[in-house]
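Worksheet: one structure, shown below.
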Protein chains: 2
Amino acid sequence: MDDENDPLRLDRQVCFPLYAASNRLTRAYRPILDRLGLTYAQYLVMLVLWEEAPQSVGSIGARLHLDSGTLTPLLKRLEAAGLVTRRRDPEDERRLIVTPTETGAALRAEAQDVPMSLCEALGLTEVEMHELAGAVGTVTRLLQHDT
Amino acid sequence: MDDENDPLRLDRQVCFPLYAASNRLTRAYRPILDRLGLTYAQYLVMLVLWEEAPQSVGSIGARLHLDSGTLTPLLKRLEAAGLVTRRRDPEDERRLIVTPTETGAALRAEAQDVPMSLCEALGLTEVEMHELAGAVGTVTRLLQHDT
DNA sequence: CAAATTTATATTGCGCACAATATAATTTGA
DNA sequence: TCAAATTATATTGTGCGCAATATAAATTTG
């Protein structure tokens, strides 16, 4: 009831600005990634695959903290778009091996300036981008106490 | 191709940790809010309404940066749960006035210790919580250059 | 005052995110 | 060795988040 210290006031919520910031980022990415025909989550999966391929659904998920409920349909859409192939690992038929197609690998070149475009879309200088990276790092470190 | 400075490496993405942190937070809130029968987004709407009621869909949306595409079905679910009423403003039939029911208002008492429970679920001390608030504030400030 | 414009909410459609559960392959161990 | 436990992915169902569009009420203008 003592307004000042009410823990339920929206402007006292530590986590709401993080939620709002994350939504805002996804919105900012959208017009940029539209040019590549990718959603933000699909872009993240392609980043992971461009770094190392092939990879199983599980290893992609471990990297992005996403589970098969999210990844299975997403990967099917990437497959339907001709960007990846999905086949079972003959060594272990439980595993599904995801590999970028030639088109999917070539898309990497188109994606080169996505980070810079986003920077511009957010109206951030390189210095501010570094500040942001620092603050985001602090948030991440603090939230990784658990798992 | 010069691995070190490749702007497409996942660990060079400033925004991915923010996305991951936001997902993690929603997961952390879930078991706590389950006890109130609320999702995280519904909890945010109730916070806004507990602060000031009644409010129109538009004013709730302005506060949370959400649009009617998100809020209309969410508010219908809150109405179906008996937590709010929805009626047109007789002064301006375009507006929809959202008001907590007695049950909805009473739920506020049940929610009092949600912030503390979350803090515990994240394994954060009060000092760390303040650090987190500071870092989140920096992120918010930097991302508010645009709108 | 009527037509055009603006404003507020609703609807539709798509793609996550995730809990819960299912299925099938592999591994373990009595 | 074979039944139980474990592991990997898939499926189902719910609820966002948002772009695009629709609808209807209010406001502005000519």
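Numbers restart at 1 for each chain; the letters A, B, ... are given by sequence-line order, proteins then strands. Predicted model only: the values in this text are computed from it and were never measured.
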What is the distance, to the nearest angstrom, from the [atom1] atom on [X] to the [atom2] atom on [N]?
X	N	atom1	atom2	result
A:Met46	C:dC16	CE	P	13 Å
A:Asp34	D:dA20	CG	C1'	13 Å
A:Arg30	D:dG17	CZ	P	12 Å

Any ion pair linking A:Arg35 and A:Asp113 (charged N to carboxylate O, less than 4.0 Å)?
->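 Looking at A:Arg35 together with A:Asp113, the answer is no, because their closest N to O distance does not fall below 4.0 Å.
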Taking 4.0 angstrom as the limit, do B:Glu52 and B:Arg63 come out as a salt bridge?
->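 No, B:Glu52 and B:Arg63 are not salt-bridged.
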Do A:Met46 and A:Leu33 come within less than 4.5 Å of each other through their side chains, counting heavy atoms only?
->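 The answer is no; the side chains never approach within 4.5 Å.
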Residue pair B:Leu44 / A:Tyr19, side-chain heavy-atom distance below 4.5 Å =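 Answer yes - side chains close enough.
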Base, sugar-phosphate, or nothing: which does [X] touch, judged by heavy atoms less than 4.0 Å apart?
X	result
A:Gly58	sugar-phosphate
B:Thr26	nothing
B:Leu71	nothing

Starting at the 5' end of DNA chain D, which residue's closest nucleotide do you reach first, A:Thr70 or B:Leu66?
->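 The residue mapped nearer the 5' terminus is A:Thr70.
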Minimum-distance nucleotide to B:Thr72 side chain [options: D:dT9, D:dG17, C:dT11] =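 For the B:Thr72 side chain, the nearest candidate turns out to be C:dT11.
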Which listed nucleotide (C:dT11, C:dC16, D:dG15) is nearest to the side chain of B:Ser68?
->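 Among the listed nucleotides, the one closest to the side chain of B:Ser68 is C:dT11.
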Kindly say if A:Arg27 contacts the phosphate of D:dC18, meaning a side-chain N or O under 4.0 Å from OP1 or OP2.
->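 A:Arg27 to D:dC18 OP1/OP2: side-chain N or O found under 4.0 Å.
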Does A:Tyr40 put a side-chain nitrogen or oxygen below 4.0 Å from OP1 or OP2 of C:dG15?
->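 No, outside the criterion.
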Within residues 76-100 of chain A: residues closer than 4.0 Å to DNA chain D (heavy atoms) =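 Only A:Lys76, A:Arg86, A:Arg88, A:Arg94, A:Arg95, A:Leu96 qualify.
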Parallel under 30°, tilted from 30 to 60°, perpendicular over 60°: which one fits the rings of A:Tyr29 and A:Tyr43?
->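 Plane angle between 30° and 60°, so tilted.
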Enter the distance from A:Leu83:CG to A:Arg77:CZ here, rounded to the nearest 0.5 Å.
->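 Going from the CG atom of A:Leu83 to the CZ atom of A:Arg77 covers 13.0 Å.
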